[in-house]
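Worksheet for the structure shown next.
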Amino acid sequence: MEQYISFNGLNSLTWTLILEGRDSQNGNPSFTMGINQHGDQEILEFWEGLPMEMRKLAVELHRTECEVENTIVVCHSEPGAWYPPLFQTVPCPPTGYGHFRHVIGRTMFETDRLNIEHVRRCNQMDSVWVPTNFHVSAFVDSGVDPSKVVKVVQPVDVKFFDPDKYMLLELSSRGKLVLGSNSLKSSNSNTKFVFLSIFKWEYRKGWDVLLLAYLKEFSYGDGVVLYLLTNPYHSDRDFGDKIVDFVEDSDLVKPVDGWAPIYVIDSHIPHVDLPRLYKAADVFVLPSRGEGWGRPIVEAMAMSLPVITTNWSGPTEYLTEENSYPLPVDAMSEVFEGPFKGHLWAQPSVDRLRVLMRRVVSTPEEAKAKGRRAREDMISRFSLEIVAGIVTDHVLQILNKTAGIM
């Protein structure tokens with residue numbers, strides 16, 4: 001049996017799945033795997049930042065030919081890209097339905113429900129793989145056939161994201177100061193605690209919640225610094241101006257000793273350097289309104305970094321009081337624009353975020369202990385080997401179930 005994986009975008013998440021497939025293939029000679037680009041455009045910067053071993057593996061798997069009638073197709077994308085796509089893209093499955101042994105849609109959502117069209121597209125699939133119990137409930141409640149919905153958790157490469165392997169990245173040379181003073185950077189004073197957040201610049205990610213909590217809770221004299229690694233999402237790159245405008249339009253009052261500094265990293269960080277970025281931080285924080293999974297969150301956890309993130313949607317699959325600082329939700333709020341208008345997502349608590357951010361600064365040993373536990377949980381529940389076993393079991397079940405049908 002040959003397995004064909006079609007994926008959207010050359011991104012870190014997809015590469016962990018490629019590594020899974022390689023491991024599964026090595027341990028199960030009854031099926032092989034091939035990959036093809038689908039959905040998003042290839043990102044050259046990401047490709048160039050991959051280790052050479054991964055590039056070679058991608059080329060090898062792309063050249064793998066699969067017999068259509070014996071192929072399990074896995075479409076890694078949002079349902080709008082599935083055949084026939086709602087926008088101009090390479091469709092998946094590539095020739096429609098009925099030609100393959102089994103077609104799987106692997107997807108997720110960041111809101112409380114699916115729209116009618118996405119439900120219809122999910123029900124066209126033979127199976128729909130989602131990463132969390134949150135998604136199982138949301139998809140079934142929205143109308144997706146319960147017999148099609150299967151939970152397959154996301155993996156994280158704990159061998160690559162291993163804090164013992166790396167020296168920290170020099171953040172001051174990468175970030176641009178957009179608020180506050182940088183004079184502490186070169187002094188012997190108390191600027192030693194680094195908050196790190198990684199996200200696309202969009203409202204869903206809760207950057208406004210983060211800025212309010214950070215600037216209300218801390219000032220220049222607290223010796224903290226916030227680094228934001230971000231990139232545009234249907235917007236320009238003037239992140240510094242956006243932050244300054246947000247502060248000026250808010251009810252924030254500048255502290256007597258000045259703003260706690262905020263730096264923006266808007267240049268590309270190669271994949272091979274991501275572990276060093278996490279290594280340079282003391283805590284990872286992301287008060288998101290909704291996550292499908294939260295790739296940077298689990299990468300930070302694999303790097304033994306304590307995390308503060310919203311206790312709703314995808315992260316509920318792996319957040320505990322022992323391995324993180326789950327951020328409570330004040331209420332559910334309505335999505336007012338975009339394709340998911342009318343859906344609901346979380347409104348993270350600014351006040352509780354202030355408390356948690358202060359707590360990690362005040363109790364660093366507790367934070368480090370949570371970080372160590374976080375890595376242990378990533379290894380035991382979400383490592384490539386663990387998820388490869390889950391994927392392999394499901395593939396073999398499909399092979400047995402469809403034997404003799406094609």
Legend entry - N/O donor-acceptor pair under 3.5 Å between Arg204 side chain and Arg289 backbone: no
Inset, instruction - For residues Leu210 and Leu226, determine if any side-chain heavy atom of one lies less than 4.5 Å from a side-chain heavy atom of the other. - result: yes
Inset, instruction - Could you label the plane-to-plane angle of the Tyr214 and Phe195 rings as parallel, tilted or perpendicular, counting under 30° as parallel and over 60° as perpendicular? - result: perpendicular
Inset, instruction - With side chain to side chain donor-acceptor pair (under 3.5 Å) as the test, would you mind laying out the steps for Tyr325 and Arg359 before giving the verdict? - result: CA-CA 10 Å; Tyr325 295 91; Arg359 181 173 168 181; 4.7 Å; no
Inset, instruction - For residues Val247 and Leu179, determine if any side-chain heavy atom of one lies less than 4.5 Å from a side-chain heavy atom of the other. - result: yes
Legend entry - Trp312/Met332 under side-chain contact (heavy atoms from CB on, under 4.5 Å): CA gap, chis, key distance, verdict: CA-CA 10 Å; Trp312 189 77; Met332 300 302 295; 3.3 Å; yes
Legend entry - Side-chain touch Leu305/Lys279, heavy atoms, less than 4.5 angstrom: no
Inset, instruction - Give a yes or no answer on whether the side chain of Thr111 reaches the backbone of Arg113 with a donor-acceptor pair at less than 3.5 Å. - result: yes
Inset, instruction - Using distance alone, with no hydrogens and no angle criterion, decide if Ser172 and Glu170 have a side-chain donor and acceptor under 3.5 Å apart. - result: yes
Inset, instruction - Look up atom CG in Leu169 and atom CG in Leu171, then write down how far apart they are to the nearest 0.5 Å. - result: 5.5 Å
Legend entry - Inter-residue atom distance Leu212.CG - Leu353.CG, 0.5 Å rounding: 9.5 Å
Inset, instruction - From the options Ile104, Asp393, Val391, select the one residue that forms a side chain to side chain contact (heavy atoms under 4.5 Å, CB included) with Val152. - result: Val391
Inset, instruction - Taking all non-hydrogen atoms of both residues into account, name the closest pair between Trp345 and Glu334 and its distance. - result: NE1-O, 4.4 Å
Legend entry - Parallel, tilted or perpendicular, as decided by the 30° and 60° cut-offs, for the rings of Phe109 and His118: tilted
Inset, instruction - Indicate yes or no: does Glu376 engage Arg372 in a salt bridge with an N to O separation below 4.0 Å. - result: no
Inset, instruction - Using atom types as modelled and distance alone, determine if a side-chain donor or acceptor of Thr310 lies under 3.5 Å from a backbone N or O of Ser288. - result: yes
Inset, instruction - Would you indicate whether Tyr83, at its atom OH, is surrounded by more than 12 heavy atoms from other residues, nucleotides or ligands within a distance under 6.0 Å? - result: no
Inset, instruction - Quick one: pull up CD1 in Ile265 and CG in Leu228 and give me the separation to the nearest 0.5 Å. - result: 8.5 Å
Legend entry - Donor-acceptor under 3.5 Å (Glu322 side chain, Arg373 main chain): no
Legend entry - For Ser333 against Gln347, the heavy-atom pair lying closest together: OG-OE1, 3.8 Å
Legend entry - Exercise: identify the closest heavy-atom pair between Val153 and Val387: O-CG1, 3.5 Å
Inset, instruction - Measure from the side-chain N and O atoms of Asp222 to the backbone N and O of Val224, and report whether any donor-acceptor pair falls under 3.5 Å. - result: no
Inset, instruction - Could you label the plane-to-plane angle of the His135 and Phe139 rings as parallel, tilted or perpendicular, counting under 30° as parallel and over 60° as perpendicular? - result: perpendicular
Legend entry - Note, Arg276 side chain near Leu168 side chain (heavy atom, < 4.5 Å): no
Legend entry - N/O donor-acceptor pair under 3.5 Å between Ser349 side chain and Pro328 backbone: no
Inset, instruction - Carefully, step by step, assess Ile386 and Ser380 under the rule side-chain contact (heavy atoms from CB on, under 4.5 Å). - result: CA-CA 7 Å; Ile386 295 296; Ser380 64; over 6 Å; no
Inset, instruction - Look at the side chain of Asn323 and the backbone N and O of Lys370, then say whether any donor-acceptor pair between them is shorter than 3.5 Å. - result: no
Legend entry - Side chain proximity check, Asn133 to Glu317, heavy atoms < 4.5 angstrom: yes
Legend entry - Pairs touching residues 246-257 that satisfy side chain to side chain donor-acceptor pair (under 3.5 Å), sequence neighbours left out: Ser219-Asp257
Inset, instruction - Please examine the side chains of Pro326 and Glu321, heavy atoms only from C-beta on, and report whether any two atoms are closer than 4.5 Å. - result: yes
Legend entry - Trp259 and Phe218 aromatic centres sub-6.0 Å: no
Inset, instruction - Anything under 30° is parallel, anything over 60° is perpendicular, the rest tilted; go ahead and classify Phe161 against Tyr278. - result: perpendicular
Legend entry - Contact check, side chains of Phe246 and Val244, non-hydrogen atoms, under 4.5 Å: no
Legend entry - Straight-line distance of Leu277 CG to Met303 CE, nearest 0.5 Å: 9.0 Å
Inset, instruction - Could you give me the CA-CA distance, side-chain angles and deciding distance for Asp162 and Lys165, then say whether side-chain contact (heavy atoms from CB on, under 4.5 Å) is met? - result: CA-CA 6 Å; Asp162 180 351; Lys165 290 183 177 180; 3.9 Å; yes
Legend entry - Glu291 and Lys205: CA distance, side-chain angles, deciding distance, side-chain contact (heavy atoms from CB on, under 4.5 Å) verdict: CA-CA 8 Å; Glu291 292 291 322; Lys205 293 296 185 177; 2.8 Å; yes
Inset, instruction - May I ask you to check whether Trp82 and Ser77 show a side-chain donor-acceptor distance below 3.5 Å? - result: yes
Legend entry - Short side-chain to backbone donor-acceptor contact, Asp112 and His343, under 3.5 Å: no
Legend entry - Minimum heavy-atom distance between Val144 and Val119, given as atom pair plus value: N-CG1, 3.9 Å
Inset, instruction - Given side chain to side chain donor-acceptor pair (under 3.5 Å), test Arg101 with Thr402 step by step and report yes or no. - result: CA-CA 7 Å; Arg101 186 159 181 170; Thr402 59; 2.7 Å; yes
Legend entry - Minimum heavy-atom distance between Val128 and Cys122, given as atom pair plus value: CG2-O, 3.5 Å
Inset, instruction - Could you check whether the rings of Trp201 and Phe239 sit parallel, tilted or perpendicular, using 30° and 60° as the cut-offs? - result: tilted
Legend entry - Rounded distance (nearest 0.5 Å) linking atom CD1 of Ile243 with atom CH2 of Trp207: 8.0 Å
Inset, instruction - Return yes if some donor-acceptor pair links the side-chain N/O of Lys148 with the main-chain N/O of Met125 below 3.5 Å, else return no. - result: yes
Inset, instruction - State the CZ-CG distance between Arg174 and Asp266, to the nearest 0.5 angstrom. - result: 12.0 Å
Legend entry - Side chain proximity check, Pro163 to Arg375, heavy atoms < 4.5 angstrom: yes
Inset, instruction - Look only at the side chain of Arg358 and the backbone of Glu217, and say whether a donor-acceptor pair between them is shorter than 3.5 Å. - result: yes
Legend entry - Atom of Leu196, atom of Ala281 and distance for their closest heavy-atom approach: CB-CB, 3.6 Å
